[in-house]
Amino acid sequence: MKEQIYTIPVNEAFEAGDECPFCHMRRQAEQRAMRYVAGPGASYMEPDVREAVAKVGFCKRHTKALYDYGNALGAALMLQTHMESLL
């Protein structure tokens with residue numbers, strides 16, 4: 001496949017060879033999203049991100065992943081915003 005900007009993740013997934021390419025892309029997307037939500041960029045401090053989380057929340061699996069990520073402040077703020085919207 002000719003390499004284009006949008007085919008790079010697909011090519012990398014097939015070249016990784018350590019797991020199913022679709023599982024690889026899914027795992028990479030989840031890691032990027034977790035880094036965006038709870039990582040050093042502090043998007044959890046942005047009102048629009050917290051509003052989006054407050055509306056939808058996280059499933060059990062991703063709530064645990066957020067907790068396990070190691071950013072206690074980020075997880076607490078996200079969960080506090082969601083719980084306040086539920087109440």
Side-chain angles (χ1 to χ4, degrees):
M1 176 183 329
K2 186 176 177 188
E3 193 161 287
Q4 302 288 330
I5 189 75
Y6 55 87
T7 62
I8 292 171
V10 177
N11 290 336
E12 288 176 352
F14 277 92
E15 291 168 1
D18 59 344
E19 61 184 332
C20 165
F22 293 108
C23 293
H24 180 85
M25 287 187 287
R26 181 182 202 177
R27 183 175 47 79
Q28 293 286 48
E30 284 184 347
Q31 288 173 350
R32 279 192 300 272
M34 188 63 65
R35 202 170 29 252
Y36 172 76
V37 170
S43 69
Y44 57 85
M45 296 299 286
E46 298 294 329
D48 58 329
V49 173
R50 299 223 347 237
E51 284 178 32
V53 170
K55 290 179 186 175
V56 182
F58 295 111
C59 68
K60 181 180 178 180
R61 177 174 164 244
H62 289 106
T63 300
K64 173 99 170 77
L66 182 64
Y67 176 79
D68 290 343
Y69 188 80
N71 183 345
L73 176 61
L77 289 172
M78 290 294 206
L79 296 175
Q80 176 189 18
T81 303
H82 180 62
M83 295 303 289
E84 286 174 353
S85 75
L86 292 175
L87 294 173

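In this chain, numbering begins with 1 at the start of the sequence shown. Keep in mind it's a predicted model, so treat the numbers as computed, not measured.
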Return all side-chain donor-acceptor pairs below 3.5 angstrom for residues 16-24, not counting sequence neighbours, or 'none' if the list is empty.
| from | atom 1 | to | atom 2 | distance (Å) |
| --- | --- | --- | --- | --- |
| Glu19 | OE2 | Arg27 | NE | 2.9 |
| Glu19 | OE2 | Arg27 | NH2 | 2.6 |
| His24 | ND1 | Arg27 | NH2 | 3.1 |

Tell me, please, which residues at least two apart from Ile5 pass side chain to side chain contact (heavy atoms under 4.5 Å, CB included).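 Partners of Ile5 under the side chain to side chain contact (heavy atoms under 4.5 Å, CB included) test: Ile8.
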Heavy-atom neighbours of Tyr69 OH exceed 12 at 6.0 Å: yes
With sequence neighbours excluded, give me every salt bridge (Lys or Arg N to Asp or Glu O under 4.0 Å) pair touching residues 52-68. Glu30-Arg61, Lys64-Asp68
Distance-only donor-acceptor pairs under 3.5 Å for side chains of residues 31-40, two or more places apart:
none

Using atom types as modelled, flag every donor-acceptor pair under 3.5 Å from a side chain in residues 72-87 to any protein atom, sequence neighbours excluded.
| from | atom 1 | to | atom 2 | distance (Å) |
| --- | --- | --- | --- | --- |
| Gln80 | NE2 | Glu84 | OE2 | 3.2 |
| Thr81 | OG1 | Arg50 | NE | 2.8 |
| Thr81 | OG1 | Arg50 | NH2 | 3.0 |
| Thr81 | OG1 | Leu77 | O | 2.9 |
| His82 | ND1 | Val53 | O | 3.4 |
| His82 | ND1 | Ala54 | O | 3.2 |
| Ser85 | OG | Ala54 | O | 2.8 |
| Ser85 | OG | His82 | O | 2.7 |

